There are 2 protein chains.
Amino acid sequence: MSTVTITDVAKRVGVSVATISRYLSGFTVRNAEDIREAISELNYRPSAAARNLKSGRTGIIAIVVPDITNPFFAAIVEGAESAVGDDRMVLLVNTGAIREREEKALSQLFGRVDGVIMAPSTEEQHAPAFFSQFGLPIVFVDRVTQDGERFSSVLAENAKGAELATGHLISHGHSKIAMISGPNSATPGKKRADGYRQAMKKAKIEVIHDFFIESDFTEAGGNLAMKQLLALDTPPTAVFVANNLMTLGALHALSEAEVSIPQEISVIGFDDHDFADLINPPITVISRDARLQGSQAMELMIKQLSDGSASHPEHSMVDVHLVERGSCAPPRESQKIRSNKKAR
Amino acid sequence: MSTVTITDVAKRVGVSVATISRYLSGFTVRNAEDIREAISELNYRPSAAARNLKSGRTGIIAIVVPDITNPFFAAIVEGAESAVGDDRMVLLVNTGAIREREEKALSQLFGRVDGVIMAPSTEEQHAPAFFSQFGLPIVFVDRVTQDGERFSSVLAENAKGAELATGHLISHGHSKIAMISGPNSATPGKKRADGYRQAMKKAKIEVIHDFFIESDFTEAGGNLAMKQLLALDTPPTAVFVANNLMTLGALHALSEAEVSIPQEISVIGFDDHDFADLINPPITVISRDARLQGSQAMELMIKQLSDGSASHPEHSMVDVHLVERGSCAPPRESQKIRSNKKAR
DNA sequence: TTGTACGCGTTATCAT
DNA sequence: ATGATAACGCGTACAA
């Protein structure tokens, strides 16, 4: 156990601890060589804990996400990590989208980290109050909480993306367009639903109640929603699925029910995936640079930390774009989908 | 800014700091109610930094992985996080499989964390020396370094899995079986190659030099390797790909070259993937519980931390199993793969 | 049960 | 340029 302190080094060299400290801080000292040597021989490492206590900073930035297993959040974390710099590190908190864990994590984070980058699982949250209460710098990424405007954030062009997706379906001639949406309580859920409605409105297509399903961004949720859609008397001819996991679930439902894409139904998803182009047919999606979202969030955090500019929140958005592959086509003349074939 | 200390609470209540400290530690004190009240009114939070300095512990466990973007490592991290408990947190380090970053991270980690769970990018590493030097508890997960036996580890049944995979191909009647392997310098790379050779030996099939390609566990690497295989005068009729990313790359190469699976070539991968069953055809793989690997590693770490049992390293292995889908079939009579059609 | 006082390892201030 | 020392906030041995 390396319990060698700055005092040991000082004794070894025959100077005071202050001199060693100065040397470590880059100041010019007389016997720098002796010190360098002593440090390496004694294998001295400054105590992070002591430094934290003195400085009040930890050099650690937390990033809290609902599910690190979701490739999208993994990309965000990777982006954030890539921008953290040499003198700081990233503390990961995976909340499983469980509210209690989020809150507990936040309180545990206080004092252990200099700031937190967070993708809150819901907007209905007291997080901002919590943050302002403790004065912990925060940057929201991908999602915000109720009065999230008071804090910096890096979101995606959710509404635009959803409009793009829905418009793409419309341009193929579809009108029976369903949406499997995320929870309305989460930023991307709400915004993408808005975009869908906006596009439908522009095209003067009425949104059928049964065609809009508010699900939960999980694979199971997407799976269930798609089954519900297939069980309808007149199923949709196209569906826009609001995130990658739900798309996965929906595709499984479609595959199980032996509904062919895009002949019987057109599918477009939000967020790309490595395998999306290997599926048959390759899936058309709205894509964006999640890694960039993460790195931008980290940059905002670092700026905030050095400027102390918590009072001037910055809001940035990463762009989205359509990646056209093979899962969208015009609707058939005959709208007879074998809806009840296998779908429950 | 919450700069309220234990002293403030003590003054408020009219007792000494020791009493407050005792209250916080769960001891019985006279005016517990007053203290509780004062703490909540003053919004007092004990300083983690000061506690760290006193106790020598941080309550943080690091987990360093090559690539958090790889679903496999994401699952490991998620598993580890799930087992960390209420009084500790996880610090993530993503090294990008870059040796220098690994080493730098390790030195930065010292003093900031109580222990590190690590998936080293290569076995050719001085990490163990580094660890023993500083006495930082470590548990290896998925991979080890040179003298990794001296430290606890949670590996997978790599050799068994590779034998299973190769045997599956052999049982279908293949003999021209190629392997796209990982780097021999990494534990899973080496062990899986061993398993392949073992299975081939058992079946008395000679391993053709050109059929064994040592790649690098990346998508690009798998892609290139598969192209090389396809460009051979007599290409293999089956291929075992040693990890998920390389499988992805190989599938892209196959798809690009319009080689049909399993008619023209059988494919089996190592490590499952959410989308593996949606690809056409669904991909047969060797699977294992990565999340379990992560949680076991964390459990070993926590045990080590409480026991102080660093001297009794434990080595555990998670099992593997074959997930049969549709990417393997008997070889054709005519072995004419359109090898040079589009490959390259 | 409670209070006093010291130590944890650094850095910053103040003299020298 | 250097040395002595206070201070960071907390836990705890010791005395009461």
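Lettering of chains follows the sequences in order, A, B, ..., and the numbering in each one begins at 1. This structure is a prediction, so every number in the text was calculated from the model and none was measured.
- For dG3(C), the OP1/OP2 oxygens have a side-chain nitrogen or oxygen of S16(B) closer than 4.0 Å.
- Counting any heavy atom pair closer than 4.0 Å across all strands shown, S55(A) reaches no nucleic acid atom.
- The separation between R22(B) atom CZ and dT12(D) atom C1' is 8 Å, rounded to whole Å.
- Rounded to whole Å, atom C1' of dG9(D) lies 19 Å from atom CZ of R51(A).
- In this structure, E81(B) CD and L92(A) CG are separated by 5.5 Å, a value rounded to the nearest 0.5 Å.
- Within the 4.0 Å cut-off from OP1 or OP2 of dG11(D), at least one side-chain nitrogen or oxygen of S21(B) is found.
- Between the CD1 atom of I6(A) and the P atom of dA4(D) there is a distance of 14 Å, given to the nearest Å.
- Separating the CZ atom of R45(A) from the P atom of dT10(C) is a distance of 12 Å, rounded to the nearest angstrom.
- Residue Y44(B) places at least one side-chain N or O closer than 4.0 Å to OP1 or OP2 of dC10(D).
- You'll find that the side chain of P46(A) is closest to dT10(C), out of dG3(C), dA4(D), dT10(C).
- Atoms CG (D34(A)) and C1' (dA1(D)) sit 15 Å apart, rounded to a whole Å.
- Interface remark: the K54(A) side chain does not form any donor-acceptor pair with the dA12(C) base, using a distance-only criterion of under 3.5 Å.
- When the nucleotides dC10(D), dT2(D), dT2(C) are ranked by their closest atom to the side chain of N31(B), dT2(C) comes out on top.
- Residues R30(A) and A50(A) each lie close to DNA chain D; by heavy-atom proximity, the contact nearer the 5' end of the strand is made by R30(A).
- A donor-acceptor pair is defined here as one N or O able to donate and one able to accept, closer than 3.5 Å; no such pair exists between the side chain of H315(A) and the backbone of V154(A).
- Separating the CZ atom in R99(A) from the NZ atom in K104(A) is a distance of 15.5 Å, to the nearest 0.5 Å.
- Looking at D34(B) and R12(B), no side-chain N of the basic residue comes within less than 4.0 Å of a carboxylate O on the acidic one, giving no salt bridge.
- Counting to the nearest Å, the P atom of dG3(D) and the NZ atom of K11(A) are 15 Å from each other.
- Between L53(B) atom CG and dA7(D) atom P the separation is 17 Å, expressed in whole Å.
- Of the inter-residue distances, the one linking R288(A) atom CZ with R291(A) atom CZ reads 15.0 Å to the nearest 0.5 angstrom.
- Close to dG3(C), at under 4.0 Å from its OP1 or OP2, lies a side-chain N or O of T19(B).
- Contact check, S47(A) against dG9(C): no side-chain N or O comes under 4.0 Å of OP1 or OP2.
- As rounded to whole Å, 16 Å separates atom P of dA1(D) from atom OH of Y23(A).
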